Amino acid sequence: MLSHCLTVQTHSHDYPIIISHATNMAEQVAPYIAGKQVLIVTNDTVAPLYLQALQEGLAAQFAVFVCVLPDGEVYKTQDSINQIYDALMDNHCGRDVTLIALGGGVIGDMTGFAAASFMRGVNFIQIPTTVLAQVDSSVGGKTGINHPKGKNMIGAFWQPQMVLADMATLPTLPRRELSAGMAEVIKYALIMDVTFLEWLESNMAAMMQLDLDLIAEAVKRCCEFKAQVVAEDEREAGRRALLNFGHTFGHVIETHEGYGSWLHGEAVAAGMVQAAKLSQRLGWLTAAEVSRIEQLLLLAELPIVPPAIDTEIALGLMSHDKKVKLGQIRLILLKSLGDAVITDEFAPELLSAVLADSMLAAQ
Ligand code: NAD
Ligand code: GLY
């Protein structure tokens with residue numbers, strides 16, 4: 001199996017994304033550890049699967065400490081961050097400690113945020129073990145935790161020293177999580193590249209059967225898109241917001257249903273359909289194109305209808321979105337397949353109508 005290496009260019013430093021298969025993780029990450037201390041942050045699902053090899057592999061060269069957090073989006077909280085700080089303090093870690101996030105996006109976002117804030121900023125490395133984290137959350141430096149009133153509301157931009165996406169971690173991933181990752185993969189195609197959309201239509205069935213070569217190719221393409229966007233707009237002053245396609249609708253689902261009930265990728269999938277339907281109401285997409293999006297999401301075994309949420313409640317939740325400007329909800333919509341815009345130029349009634357239609361479809 002081929003391995004791929006890409007570079008992400010950021011203001012603070014450039015760093016590699018290594019996409020490989022059945023690697024010795026410790027050997028791959030060791031060159032990117034500057035000091036002598038390492039804290040591996042993981043959770044109680046991933047730890048029994050992949051921690052020992054990494055820990056033992058690093059132990060010859062570094063003092064290795066471990067922080068195992070409870071698994072789940074509901075634990076993406078300040079309390080978990082405090083547990084990471086406790087592990088750092090209890091083990092007398094200094095400024096040259098490197099944190100390693102071993103897990104999915106929840107672990108990656110929290111480890112990155114702890115790294116951004118401990119002693120005003122220490123190094124960290126991402127070893128993403130879900131498709132979602134490999135194609136999206138581990139790349140680009142968005143880190144953080146949830147607030148009870150909104151997803152990812154507290155956080156920092158803090159770039160890792162490197163990202164290691166090892167395909168060999170994917171066979172243990174629950175199928176529902178594989179699907180959730182595919183939602184973000186489909187997102188890239190819809191916002192950036194209609195050719196990639198065609199590629200996904202041809203290869204999604206095989207990827208859902210865990211063809212790791214094809215998944216590695218998809219991870220590579222997504223990371224190329226993301227690296228390009230991050231290099232242009234690291235702090236999301238403009239274009240990076242396009243990566244939030246489907247997310248404003250999706251965050252409403254996640255917040256309303258309670259964190260962890262709908263997986264992030266599932267909420268994004270249903271949210272992308274809602275965004276596509278608003279794009280259709282604006283005359284930018286045809287019904288056939290919306291249906292094409294739905295078919296691909298279904299092929300990835302993803303939901304295309306959100307749960308029943310009252311329209312006013314949904315609008316209230318949307319008003320907390322980070323893209324809101326001067327009280328105006330701004331959304332990522334599709335001008336055409338493969339071409340997204342951020343806009344507030346839609347009649348509020350059209351958004352309400354899409355939300356009301358979703359409510360009806362869910363009942
Ligand atoms: P997750 O981290 O909760 O992982 C999903 C589940 O899979 C968990 O139960 C986890 O323990 C388990 N798991 C992980 N790797 C496994 C493996 N190899 N084998 C078996 N089980 C494994 O969820 P996720 O989908 O990876 O990430 C979602 C999070 O990422 C959300 O909090 C979301 O807000 C965040 N996110 C952040 C960004 C960003 O740019 N920072 C982008 C997208 C999403
Ligand atoms: N996941 C969106 C971003 O990284 O900007």
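The structure presented is a predicted model; accordingly, all values stated were derived computationally and were not measured. Order of listing sets the numbers, starting from 1, for every ligand and every atom in it.
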Student: Using the side-chain hydrogen bond (donor to acceptor under 3.5 Å, both in side chains) criterion, which residues pair with R221? Sequence neighbours excluded.
Tutor: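 Residues passing side-chain hydrogen bond (donor to acceptor under 3.5 Å, both in side chains) with R221: E217.
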Student: Any carboxylate oxygen within less than 4.0 angstrom of a Lys/Arg side-chain nitrogen, looking at R281 and E349?
Tutor: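 Judged by the 4.0 Å cut-off on N to carboxylate O distance, R281 and E349 do not form a salt bridge.
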Student: Name the orientation class of the two ring planes belonging to H247 and H264 (parallel below 30°, tilted from 30 to 60°, perpendicular beyond 60°).
Tutor: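 Taking H264 first and then H247, their aromatic rings stand perpendicular (interplane angle over 60°).
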Student: Ion pair present between K226 and D136, side-chain N to carboxylate O less than 4.0 angstrom?
Tutor: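 A salt bridge is present here (some side-chain N lies under 4.0 Å from a carboxylate O).
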Student: Distances only, to 0.1 Å: what are the N or O pairs between ligand 2 and the protein that fall under 3.5 Å?
Tutor:
from     : atom 1 : to   : atom 2 : distance (Å)
ligand 2 : 1 (N)  : D136 : OD1    : 3.0
ligand 2 : 1 (N)  : D136 : OD2    : 3.3
ligand 2 : 4 (O)  : K226 : NZ     : 2.5
ligand 2 : 4 (O)  : R240 : NH2    : 2.8
ligand 2 : 5 (O)  : K142 : NZ     : 2.9
ligand 2 : 5 (O)  : R240 : NE     : 2.7
ligand 2 : 5 (O)  : R240 : NH2    : 3.4

Student: Does the pair D109/K76 count as a salt bridge with the N-to-O cut at 4.0 Å?
Tutor: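 K76 and D109: salt-bridged.
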Student: With sequence neighbours left out, write down each residue that passes side-chain hydrogen bond (donor to acceptor under 3.5 Å, both in side chains) with E201, or none if nothing qualifies.
Tutor: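 Counting only residues at least two positions away or on another chain, E201 forms a side-chain hydrogen bond (donor to acceptor under 3.5 Å, both in side chains) with R292.
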Student: Locate the shortest heavy-atom distance separating T42 from L102; write the atom from each residue and the value.
Tutor: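 Closest approach of T42 to L102, heavy atoms only: OG1-O, 2.8 Å.
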Student: List by chain and number: which residues place a heavy atom under 4.0 Å from ligand 1?
Tutor: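 Residues near ligand 1: N43, T45, V46, L49, Y50, D71, E73, K76, G104, G105, V106, D109, T129, T130, L132, D136, S137, K142, K151, N152, T169, T172, L173, P174, E177, E184, K226, H264.
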Student: Is Y50 atom OH crowded by more than 12 heavy atoms from other residues, nucleotides or ligands, each under 6.0 Å away?
Tutor: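 Correct, the count exceeds 12.
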Student: For the residue pair H13 and Y15, categorise the inter-ring angle as parallel (less than 30°), tilted (30 to 60°) or perpendicular (more than 60°).
Tutor: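 Geometry flag for Y15 against H13: tilted rings.
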